[in-house]
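Let me begin by presenting the structure, written as structure tokens, before commenting on it.
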Amino acid sequence: MNIIFMGPPGAGKGTQSDFIIEKYQIPHIATGDMFRAAIKNETKLGLEAKSYMDAGKLVPDEVTINIVKERLLEDDTKNGFIFDGFPRTIVQAQALDKMLKELNRDIDVVINIDVPFDVLLKRLSGRRICKVCGTSYHLEFNPPQVAGICDKCGGELYTRSDDNEESARVRLETYTNETKPLIEYYLNRGLLNEVNGLQAVDKVFIDINNIIEGIK
Ligand code: AP5
Ligand code: MG
Ligand code: ZN
């Protein structure tokens with residue numbers, strides 16, 4: 001099963017991906033997580049990506065497409081994958097089509113998690129993430145059992161450097177201008193499914209799971 005999760009910043013792509021990878025045992029390819037790992041490891045890629053990310057802008061297409069290309073060549077993607085946060089521009093979507101064609105694979109389903117912007121700003125400002133395993137929490141909507149500590153691994157929770165109000169606003173603007181047009185791109189290809197991301201986390205998962213089971 002080859003899945004793309006789309007949706008604006010804070011829609012719940014990462015949260016829902018955690019459920020999917022556990023249930024279907026497929027790798028989670030999240031370009032944002034890959035860039036954050038590179039920043040942590042102080043690699044050349046990390047240095048390049050950081051200024052764009054902190055400003056809420058997109059990392060250049062060429063850089064992003066190259067890391068995805070390398071990742072798709074790894075063996076664990078052969079039985080399926082879930083893309084979270086990629087593609088984010090028409091150029092990236094076209095590059096992905098080309099990569100998959102060369103590998104004789106195809107996208108099975110695109111799931112767009114829809115949430116209005118006023119709710120997204122609240123979700124981003126209250127988000128906390130585990131330093132160790134990357135699980136997302138929310139101070140109000142999805143709190144950990146013990147404040148500041150990850151339920152899954154006991155890791156310390158932190159706030160992403162691009163979750164401040166200024167960067168979050170730019171991210172939402174960037175989404176509208178550069179990523180939203182992809183909804184039509186995948187609609188035209190008959191792959192798009194919409195999910196109401198305003199529902200509770202477990203309800204959103206039920207809807208996503210029904211879509212996936214429906215196309216299996
Ligand atoms: P990335 O890491 O992909 O961030 P994003 O798209 O801005 O999305 P988020 O991770 O913020 O949101 P999410 O949908 O995963 O929400 P989550 O589940 O955490 O990208 C970061 C940056 O990297 C980009 O700005 C860009 O610079 C760069 N980048 C990445 N990919 C790129 C690409 N392809 N090209 C170029 N640049 C790229 O949930 C959010 C919060 O809400 C959490 O607190 C969660 O607990 C809560 N929540 C989730 N679901 C619900 C619910 N149903 N009800 C209530 N609360 C909920
Ligand atoms: Mg995410
Ligand atoms: Zn953790």
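Position 1 is the first residue of the sequence, and the numbers go up from there. First listed ligand is number 1; within each ligand, the first listed atom is number 1.
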R71 vs I67 side-chain heavy atoms within contact, under 4.5 Å: no
D162-ligand 1 polar pair, N/O distance under 3.5 Å: no
Ligand 1 contacted by G126 (non-hydrogen, < 4.0 Å): no
Ligand 1 atoms in contact with T31 (distance to a heavy atom under 4.0 Å): 30 (C), 31 (N), 32 (C), 33 (C), 34 (N)
Min N/O separation A11 to ligand 1 under 3.5 Å: yes
Student check: side-chain heavy atoms of I4 and P87 closer than 4.5 Å: yes
Per-residue contact class, Y137 against ligand 1 - non-hydrogen pairs under 4.0 Å: backbone
Distance filter under 4.0 Å to G14 heavy atoms, resulting ligand 1 atoms: 13 (P), 15 (O), 18 (O)
Check ion pair R189-D106 (N to O, under 4.0 angstrom): yes
T64 neighbourhood, listing ligand 1 atoms whose heavy-atom distance to it stays under 4.0 Å: 33 (C), 34 (N), 35 (N), 36 (C)
Parallel, tilted or perpendicular: rings of H138 and F141 (30°, 60°): parallel
Per atom 35 (N) of ligand 1, closest listed option by heavy atom (Q16, Q92, K57): Q92
For L124, the ligand 1 atoms whose distance to one of its heavy atoms is below 4.0 Å: 11 (O)
side-chain contact (heavy atoms from CB on, under 4.5 Å) assessment of I3 paired with F83: CA-CA 6 Å; I3 306 168; F83 273 123; over 6 Å; no
Atom 9 (P) of ligand 1 [closest protein heavy-atom partner, distance rounded to 0.1 Å]: R127 NH1, 3.3 Å
Chi angles and distances behind the side-chain contact (heavy atoms from CB on, under 4.5 Å) call for N209, Y24: CA-CA 10 Å; N209 198 46; Y24 294 95; 2.6 Å; yes
L58, portion touching ligand 1 at heavy-atom distance under 4.0 Å: both
Any Q199 heavy atom less than 4.0 Å to ligand 1: yes
Closest protein heavy atom to atom 16 (O) of ligand 1, given as residue, atom name and distance to 0.1 Å: G12 N, 3.3 Å
Minimum-distance protein heavy atom relative to atom 38 (C) of ligand 1: F35 CE1, 3.7 Å
Ligand 1 versus V201: contacting region, heavy-atom distance under 4.0 Å: both
V63/L45 under side-chain contact (heavy atoms from CB on, under 4.5 Å): CA gap, chis, key distance, verdict: CA-CA 8 Å; V63 177; L45 171 71; 3.4 Å; yes
Geometric N/O contact T15 with ligand 1, under 3.5 angstrom: yes
Modelled atom types, side-chain donor and acceptor of T64 and D61, under 3.5 Å: no
Element-labelled atoms of ligand 1 that are located less than 4.0 Å from some non-hydrogen atom of G197: 53 (N)
Option whose closest heavy atom lies nearest to atom 5 (P) of ligand 1, chosen from M53, R36, R88, M6: R88
Note: R169-E165 ion pair, threshold 4.0 Å (strictly below): yes
Nearest-contact summary for atom 13 (P) of ligand 1 - protein heavy atom, Å: K13 N, 3.5 Å
Main-chain N/O of I39 paired to T43 side chain as donor or acceptor, under 3.5 Å: no
Donor-acceptor pair, side chain of D151 and main chain of P144, under 3.5 angstrom: no
Atom 25 (O) of ligand 1: nearest protein contact (heavy atom, Å): R171 CG, 4.0 Å
Shortest non-hydrogen contact between M53 and G32, atoms and distance: CE-O, 4.0 Å
Atom 21 (C) of ligand 1 - nearest protein heavy atom and its distance: R160 NH2, 3.5 Å
Heteroatom proximity flag, A200 to ligand 1, N/O under 3.5 Å: no
Basic-acidic side-chain contact under 4.0 Å: K101, D97: no
Sub-4.0 Å heavy-atom approach of T89 to ligand 1: no
I208 vs F19 side-chain heavy atoms within contact, under 4.5 Å: no
Derivation of the side-chain contact (heavy atoms from CB on, under 4.5 Å) call for V119 and L198: CA-CA 8 Å; V119 177; L198 262 183; 3.9 Å; yes
Check ion pair R171-D163 (N to O, under 4.0 angstrom): yes
Protein contact of atom 55 (C) of ligand 1 - nearest heavy atom, named by residue and atom, plus distance: F141 CB, 3.5 Å
From H138, R123, K203 - option closest to atom 48 (N) of ligand 1 by heavy atom: R123
Side-chain touch V91/I65, heavy atoms, less than 4.5 angstrom: yes
Rounded to 10 degrees, the angle SG of C153 makes with SG of C130 at the Zn ion (ligand 3): 100°
Which of the ligand 1 atoms, numbered from 1, are nearer than 4.0 Å to a heavy atom of N142: 46 (O)
Protein heavy atom at shortest distance from atom 37 (N) of ligand 1: V59 N, 3.1 Å
Angular separation of SG (C133) and SG (C150) seen from the Zn ion (ligand 3), to 10°: 110°
G10 N/O under 3.5 Å from ligand 1 N/O: yes
